[in-house]
Each structure stands twice: as C-alpha cells, then as structure tokens.
Protein chains: 2
Amino acid sequence: MKSNEIKKAGLKYFTIHGYEGASLSQIAEEVGIKKQSIYAHFKGKDDLFLQVLRDAKEADLSSKLEYFSKIDSRNPEKDLYGFLQLVIDLFQKNEQLKFWLRMSFFPPAHLAEAIDKEVFDIEEKVQAILESKFQDWIDAKVIVEEVAKTPTLAFLGIVDSIMLELVYGNDEKRLKDKLEASWTVFWRGISHP
Amino acid sequence: MKSNEIKKAGLKYFTIHGYEGASLSQIAEEVGIKKQSIYAHFKGKDDLFLQVLRDAKEADLSSKLEYFSKIDSRNPEKDLYGFLQLVIDLFQKNEQLKFWLRMSFFPPAHLAEAIDKEVFDIEEKVQAILESKFQDWIDAKVIVEEVAKTPTLAFLGIVDSIMLELVYGNDEKRLKDKLEASWTVFWRGISHP
DNA sequence: CTAAATCTAACGAACGTTCGTTAGTTATAC
DNA sequence: GTATAACTAACGAACGTTCGTTAGATTTAG
C-alpha cells in the first residue's frame with residue numbers, strides 16, 4: 001500500500017522539521033512520486049498529519065499497555081526499570097515516539113486542540129495504570145509510601161526526563177548515566193523508610 | 001530601541017510557531033512596521049533568530065549563576081528546592097526559557113550545529129556548579145551519597161521534567177503535584193541512608 | 001467472452017498565496 | 001545635512017492545493 005509509504009515519509013519529515021518545516025514535495029520525493037499524487041491518498045497536509053499522529057499514538061499506547069499486561073506485579077524494581085528500558089527501546093526502534101513527543105509539546109497551532117485531546121487521553125490511561133500498580137505495591141508493603149500518586153508522578157517525571165535525553169543528542173553514555181542516576185535516587189526514595 | 005521590540009516579537013513567534021512557522025511579516029506586524037524594515041536592523045531571519053537565541057541563553061545562564069552565587073551552601077534542601085522554584089519563575093515570567101527549551105530540543109535543521117554549541121556550553125556550566133555543590137554537601141555529610149554525579153544528574157532530570165510540565169499545559173495544579181512528588185522522592189532518596 | 005464502466009494511481013500545469021530578500025526612495029532625528 | 005530607519009515596489013522561489021487527463025487494472029453487463 002502506497003499510503004503507508006507516504007505516512008512513513010511524513011512521519012520522518014514531520015519529526016525532523018516539524019509540521020510547518022516539512023513540505024509535501026519533500027515527502028513525495030522520498031516516496032518517489034510528485035506532491036500532487038499525495039492527494040489521491042489524503043485530503044491534504046492536515047489529513048496526512050493527523051493520520052500519522054493517530055498511528056503514532058496507537059503504537060505508543062499499545063506498546064505500553066502490552067508491557068503492563070505482561071508484568072507480574074510482584075517485583076516493582078524490575079517492572080519499573082523495565083518500563084524505562086521499554087521507553088528507550090521504543091524511542092530508538094521507531095520514530096513514532098519521537099514524533100509523538102515533539103507534537104505533544106510543540107503542536108502546530110491550528111491543530112493544537114485536536115492534538116491535546118489525544119495526548120490527554122494517552123497520558124490519563126498510562127497514569128491510571130501506574131497508579132493502581134503502585135497502590136498494589138503499597139498494599140503489599142513492597143514500597144514505602146502513603147499515597148500512590150506521589151511515586152506515580154515522580155516516576156512519570158523520570159520517564160519525561162529520559163525522553164528528553166533521548167531527543168537531545170545521541171550521547172549514549174550520558175543517557176546511561178542519567179538513567180542510572182535518576183533510577184538509583186528514585187528507587188532509594190520509594191523503597192527506604 | 002526598535003531592535004529590541006523586533007527581538008521581543010521574534011521571541012514570541014519563534015516560541016509559538018518555531019523557526020519555520022514564524023514569519024517576518026507576522027513579527028513586523030506585531031511591532032507595527034513592514035517586514036522589509038526588519039532588514040534595517042538585522043541581516044535576515046537567521047540573524048534575528050540567532051540574536052534572540054543568544055539573548056535567551058545569556059538571560060537563562062545569568063539568572064542561574066546569580067542564584068547559585070547567592071545561596072549559602074549549608075542548606076541543600078532549601079537551596080535545591082529554591083532552584084526548582086526559580087526555574088518555574090523564569091518560565092512563567094519571561095518567554096526566553098520556553099524559547100530556549102524548544103530550540104534546544106527541536107532546532108531548525110540548518111542551525112542545529114550552532115545551537116547545539118550554545119546548549120552544550122550552558123548545560124556544562126550548570127552541571128559543573130551543581131556537581132561541586134553536591135560534593136560540598138557530601139563532604140559535610142548533609143546528604144548521603146558516594147559520588148556527586150549521581151544526585152546531580154538525578155536533579156537535572158527533575159529540572160527537565162518540570163520544564164516539560166511547564167511547556168505542556170498550564171495545569172497549575174498538576175505542575176504543583178508533580179513538583180511535590182518528584183521533590184519528595186528525590187529528597188528522601190538522597191538524604192536517607 | 002467480450003465490451004463497457006469503474007476504480008486506482010499517477011501525472012503536468014497552473015492556481016493564488018506567502019515566503020525571505022533586495023533595491024530605490026522618502027521621512028525622521030540629531 | 002548627514003545618518004538612520006522607515007517606506008513602496010518588486011523579486012524568484014516555494015508553499016499547499018485544484019484541475020483535467022492518462023494509463024492500467026478490476027469489475028460489471030450483455
């Protein structure tokens with residue numbers, strides 16, 4: 001299907017140059033067609049963008065949901081650190097998470113509302129799952145905390161900072177250092193009385 | 001000085017729409033002149049952008065340096081939390097930090113190299129100062145840690161995540177919650193044995 | 001089985017608009 | 001009276017988009 005090739009090229013250039021900086025002719029050239037031909041598959045630039053966005057959202061969400069459904073809920077140290085590894089993997093394997101991150105925080109102005117809705121949706125779901133996991137661990141006295149929301153938000157903060165480090169450069173060493181540092185302090189912070 | 005007005009308008013639109021999405025006519029209109037008149041003050045779009053960038057960098061750096069020069073180095077809990085408050089203040093008072101954040105992570109492709117150099121410079125300096133502060137606190141046995149780099153990187157991670165929260169929405173409540181959660185876990189993580 | 005109709009995917013050409021930029025001219029300020 | 005900073009006018013290039021058309025495959029009808 002040619003549509004998928006176009007979406008793939010769109011994902012690439014939207015990620016690198018942003019919505020305004022990516023041009024249809026550039027995207028078409030990548031696929032080997034003229035920019036007018038894109039209109040046989042999409043209504044226009046906005047349509048292409050929004051389809052790429054929804055694909056990225058779905059991929060991101062389903063990867064995370066799948067991970068959460070697989071963990072055993074008895075070993076928070078392994079499960080939480082594994083989630084950070086998952087995020088790093090997703091980021092490096094496919095471009096969708098990078099695209100998603102960029103558009104979450106710096107959306108094209110005229111689509112900001114539509115994008116915000118999707119972002120809120122995914123954020124809400126992930127937070128809800130994490131919070132219930134933390135609650136389980138608190139009940140099982142595996143970690144020490146009064147309210148589940150505190151470690152949840154702190155952990156999501158680490159996820160964000162790791163993603164920023166991923167988008168920043170490709171300083172593999174610095175990423176590893178930062179992950180280790182954040183994780184060490186975080187884990188000590190929620191597991192020690 | 002009209003140049004400053006132009007830079008101020010440039011800062012605004014570069015921050016909202018990014019380099020490619022901001023147009024000189026838009027910027028000129030904000031100031032009340034025609035876009036061609038910008039060329040009496042700047043060589044072109046790149047020149048304007050880079051001057052805005054350097055102003056933002058300088059403002060960001062000097063605010064942070066000033067803060068570090070004022071703290072007494074005996075009370076890390078107050079000093080570190082105060083730094084997070086400073087970042088939030090800077091972000092909400094002037095647009096420069098938001099601009100700086102956007103361009104650090106999603107620079108226009110043809111200026112990426114020049115921008116990266118500035119970003120690396122400021123990052124390096126802040127990290128060096130923080131690391132030496134942490135070393136002082138470790139030596140004074142106010143915090144518990146072996147190497148200063150670990151709490152430094154973990155703290156910088158919190159700074160990043162707070163900035164992302166600031167750029168995201170203006171959910172004041174969520175920002176407060178996240179700050180409190182990250183800080184609680186972090187402080188417990190570096191102060192408890 | 002063949003002929004007509006429909007669908008798919010691409011094309012060149014052109015649309016109106018906006019972009020950043022340059023040149024030459026006029027007004028303002030010291 | 002000279003510089004500075006604004007203006008008008010115009011530039012080539014690129015943008016997203018629409019148009020009419022073509023070539024080939026697939027489906028439908030007689």
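In what follows, chains carry the letters A, B, and so on, assigned in the order in which the sequence lines appear, proteins first and then strands, with residues in each chain numbered from 1. Side chains are part of it too, since the values below use all heavy atoms of this structure and drop only hydrogens, waters and symmetry mates. These numbers were taken from a predicted model, which means no experiment stands behind them.
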Query raised in the report: Does B:Q85 CD have over 12 foreign heavy atoms under 6.0 Å away?
Result: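 It does: B:Q85 CD has more than 12 such atoms within range.
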Report task. Give a yes or no on this: more than 12 heavy atoms of other residues, nucleotides or ligands lie within 6.0 Å of atom CD of A:E180. Result ->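 Counting neighbours around CD of A:E180, more than 12 heavy atoms of other residues, nucleotides or ligands fall under 6.0 Å, so yes.
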Query raised in the report: For the side chain of B:K2, counting heavy atoms from C-beta on, which of D:dC15, C:dC19, D:dA6 is nearest?
Result: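 Selected nucleotide (nearest to the side chain): D:dA6.
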Nearest whole Å is fine: how far is [N] [atom2] from [X] [atom1]?
X	N	atom1	atom2	result
A:L24	D:dT18	CG	C1'	13 Å
B:F42	D:dA5	CZ	P	11 Å
A:Y39	D:dG20	OH	P	17 Å
A:E29	C:dA10	CD	C1'	16 Å

Requested in this report: Please work out whether the ring planes of A:Y67 and A:F83 are parallel, tilted or perpendicular, with thresholds of 30° and 60°.
Outcome: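 Ring orientation of A:Y67 relative to A:F83: tilted.
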Query raised in the report: Mapping B:S37 and A:Y19 onto DNA chain D by nearest heavy atom, which one lands closer to the 5' end?
Result: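 Going by which nucleotide is closer to the 5' end, it is B:S37.
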Query raised in the report: Which is true for A:A22 with a 4.0 Å heavy-atom rule: it touches a base, it touches only sugar-phosphate, or it touches nothing?
Result: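 The residue A:A22 makes sugar-phosphate contact but no base contact.
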**Report entry** No-H, no-angle donor-acceptor pair, A:Q36 side chain to C:dG12 base, under 3.5 Å
**Finding:**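 By the distance-only test, yes, there is a pair.
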Requested in this report: Spell out yes or no: do the side chain of A:K35 and the base of D:dG16 have one donor N/O and one acceptor N/O closer than 3.5 Å?
Outcome: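 By the distance-only test, yes, there is a pair.
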Requested in this report: State, without any angle test, whether B:Y19 and B:D46 hold a side-chain donor-acceptor pair at a distance under 3.5 Å.
Outcome: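 Present: a donor and an acceptor within the cut-off.
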